[in-house]
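Working notes, beginning with the structure itself.
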Amino acid sequence: MSGLLSGVKVVELASWTYVPCAGAMLADWGADVIKVEDTKGGDPARYLVSGGLRPEDSRVNANAVMEIGNHGKRSLAIDIKSPDGREIFGKLLAQADVFLTNWLPGQLERANLTVDELRKFNPDIIIARGSGQGQRGPDANRPGFDGTSYTGRAGVAFALTPDGVEFPFAQTTAFGDLQGGATLAGGVSAALFHRERHRHAAIVDGSLLAQGMWAVAPDIAIADYYGNDGVPKWQAGDAPNPVVNRYKTKDGRWFQLMFLQADRYWADFCVRIGRPELSDDARFTPLANLTANKVEATALLREVFAERDLAEWVEIFQAETGAWCTLASPAEVPNDPQVQANGYLLTLTDDKGEEFHTVAAPVQFDETPPEPTRSPGHGEHTDEILTELGYDWDKIIDAKVSGAVL
């Protein structure tokens with residue numbers, strides 16, 4: 001039952017990707033998520049260019065980031081600063097279960113949308129806020145994207161950058177936003193459960209700074225415990241445990257081993273790769289010896305994996321009980337049988353009839369993937385939502401003429 005949150009109404013006043021991703025996840029779980037946009041350009045994510053790629057060069061008429069963070073929602077374009085627009089917004093909040101926003105504390109205060117004011121519209125509404133640095137402290141009103149608050153300030157880039165490289169780790173698009181959105185959606189769900197049980201509407205707060213710290217929590221803890229800069233770093237291709245490492249194949253692809261219990265898998269592994277004489281080699285067993293002689297073991301395994309193409313190794317390892325995988329490219333992931341079997345991708349069609357994919361929320365209920373739904377056009381559902389709020393066509397036209405709605 002992918003509609004687990006059926007009957008829950010979420011009003012989202014948020015832009016870009018972090019908090020909208022939380023709304024998309026709630027929509028995947030069945031909530032009616034109404035995305036409130038201004039009457040001008042709407043969410044600036046609609047015009048976001050990722051990686052310098054030109055929209056006109058895409059084979060489909062869709063914005064990838066917009067689809068990921070906004071599929072399944074309805075869009076209402078209103079000017080909440082106008083009297084008529086604020087009245088509409090207030091009626092919308094009065095019927096909602098959740099108010100979801102990435103507006104910073106100062107912005108909410110200037111818009112007269114503080115917690116106290118929001119509760120005047122609806123005392124039972126759950127207020128969920130996502131920010132760069134959190135709701136308190138000297139930088140609460142400082143803007144933050146995942147490239148700053150998550151990757152930079154939280155220590156993620158430092159933790160993921162090997163020693164000796166010229167430039168630090170550079171994230172891919174929305175790297176921290178998607179993780180932060182998932183966490184915030186979980187917080188909203190917990191608050192909905194709490195309200196159901198205890199009749200208390202909680203305030204839910206998340207931030208990219210907190211999410212980034214959670215992502216590298218082991219590094220932060222180890223830095224504290226040992227008085228260093230976190231988990232010790234290793235050169236690319238090196239690792240303390242040679243069978244928790246990645247190896248390049250003959251055709252230039254990569255094969256990842258993840259044998260955390262090396263002694264459990266080592267003997268069979270050596271037979272599998274065609275080197276049975278290494279099974280009881282005192283240099284590499286038990287684990288203490290393997291790690292002590294990791295340079296020699298890693299060099300041997302590099303030679304072995306370079307002897308065959310990736311497809312051959314995949315076939316050889318089919319019966320392996322230890323964890324392993326290939327390093328898939330984003331273009332390959334949609335064809336993964338596990339991805340297809342579990343419904344991890346939503347298949348949609350643009351206005352030209354071209355199919356495209358959007359990644360679904362990473363949690364399912366009752367083994368049921370969500371329904372494939374696209375992101376809404378700017379203000380696409382304005383008339384529909386106003387009608388649901390009790391506005392007749394005369395009032396809707398008046399609101400359009402006054403500029404309160406698009």
Side-chain angles (χ1 to χ4, degrees), residues 10-26 33 35-36 43-45 65 69 80 93 96-119 125-160 168-169 171 173-195 200-224 229-230:
V10 178
V11 174
E12 177 191 297
L13 183 64
S15 56
W16 297 110
T17 313
Y18 164 34
V19 174
C21 280
M25 182 167 286
L26 295 170
V33 181
K35 183 178 182 67
V36 176
D43 189 335
V65 174
I80 64 172
L93 291 173
D97 297 285
V98 180
F99 173 59
L100 180 64
T101 188
N102 70 343
W103 283 29
L104 298 174
Q107 292 175 302
L108 291 170
E109 187 170 356
R110 289 191 295 275
N112 201 22
L113 292 175
T114 61
V115 171
D116 289 341
E117 290 299 319
L118 290 166
R119 291 273 163 80
I125 197 167
I126 291 166
I127 298 168
R129 306 175 297 196
S131 62
Q133 285 76 229
Q135 298 295 314
R136 300 176 295 281
D139 291 336
N141 282 301
R142 185 175 170 180
F145 288 92
D146 61 344
T148 55
S149 305
Y150 177 96
T151 305
R153 190 165 187 170
V156 173
F158 189 97
L160 296 181
F169 165 82
Q171 66 166 66
T173 300
F175 185 67
D177 292 331
L178 288 157
Q179 299 169 54
T183 299
L184 189 58
V188 169
S189 300
L192 286 166
F193 177 80
H194 177 76
R195 190 184 67 175
H200 168 250
I203 299 172
V204 181
D205 284 322
S207 76
L208 291 169
L209 175 58
Q211 190 69 36
M213 291 176 63
W214 183 248
V216 293
D219 285 270
I220 293 173
I222 285 172
D224 179 40
D229 279 327

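- E117 is linked by a salt bridge (charged side-chain N to carboxylate O under 4.0 Å, His left out) to K120, counting only residues two or more places apart in sequence or in another chain.
- Residue V65 forms a side-chain contact (heavy atoms from CB on, under 4.5 Å) with just one option from L178, D177, T173, and that option is T173.
- Note that the CG atom of D229 and the CD1 atom of I222 stand 12.0 Å from one another [nearest 0.5 Å].
- Minimum interatomic distance between G176 and D146 (heavy atoms only, all atoms of both residues): N-OD2, 3.0 Å.
- Between R129 and L184 the shortest heavy-atom distance is O-CD1, 4.1 Å.
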Name each donor-acceptor pair under 3.5 Å that joins a side chain in residues 212-219 to protein atoms two or more places apart or in another chain, with its distance.
unit_1 : atom_1 : unit_2 : atom_2 : d
D219   : OD1    : V231   : N      : 3.1

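- Between atom CD1 of residue I126 and atom CG of residue L192 there is a gap of 4.0 Å, rounded to the nearest 0.5 Å.
- Atoms OG and CG, from S131 and L209 in turn, are 8.5 Å apart once rounded to the nearest 0.5 Å.
- L26 is not listed as a side-chain neighbour of E12, based on a closest heavy-atom distance of 4.5 Å or more.
- Considering V19, L100, L93, I80 in turn, I80 is the only one that fulfils the side-chain contact (heavy atoms from CB on, under 4.5 Å) rule with L13.
- Summarising the geometry of S207 relative to G134, their closest heavy-atom pair is CB-N, 3.5 Å, with the distance given to 0.1 Å.
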Assess whether side-chain contact (heavy atoms from CB on, under 4.5 Å) is satisfied between R153 and T148, documenting all intermediate values. CA-CA 6 Å; R153 190 165 187 170; T148 55; over 6 Å; no
Residues L118, L108; criterion side-chain contact (heavy atoms from CB on, under 4.5 Å); working and verdict: CA-CA 10 Å; L118 290 166; L108 291 170; 5.6 Å; no
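- Nearest heavy-atom pair, R119 versus A202, reported as atom, atom and distance to 0.1 Å: NH2-O, 4.0 Å.
- Between the side chains of Q179 and Y150, at least one donor N or O lies within less than 3.5 Å of an accepting N or O.
- When all heavy atoms of A191 and V204 are compared, the closest pair comes out as CB-CG2, 3.6 Å.
- Across every non-hydrogen atom of D43 and K35, the tightest pair is OD2-NZ, 2.9 Å.
- A donor-acceptor pair under 3.5 Å is formed between the side chain of Q133 and the backbone N or O of R142.
- P44 places a side-chain heavy atom less than 4.5 Å from the side chain of W16.
- Taking 4.5 Å as the limit, every side-chain heavy atom of N102 sits out of range of all side-chain heavy atoms of Y18.
- Here the straight-line distance linking atom CH2 of W103 with atom CZ of R110 works out to 9.0 Å at 0.5 Å rounding.
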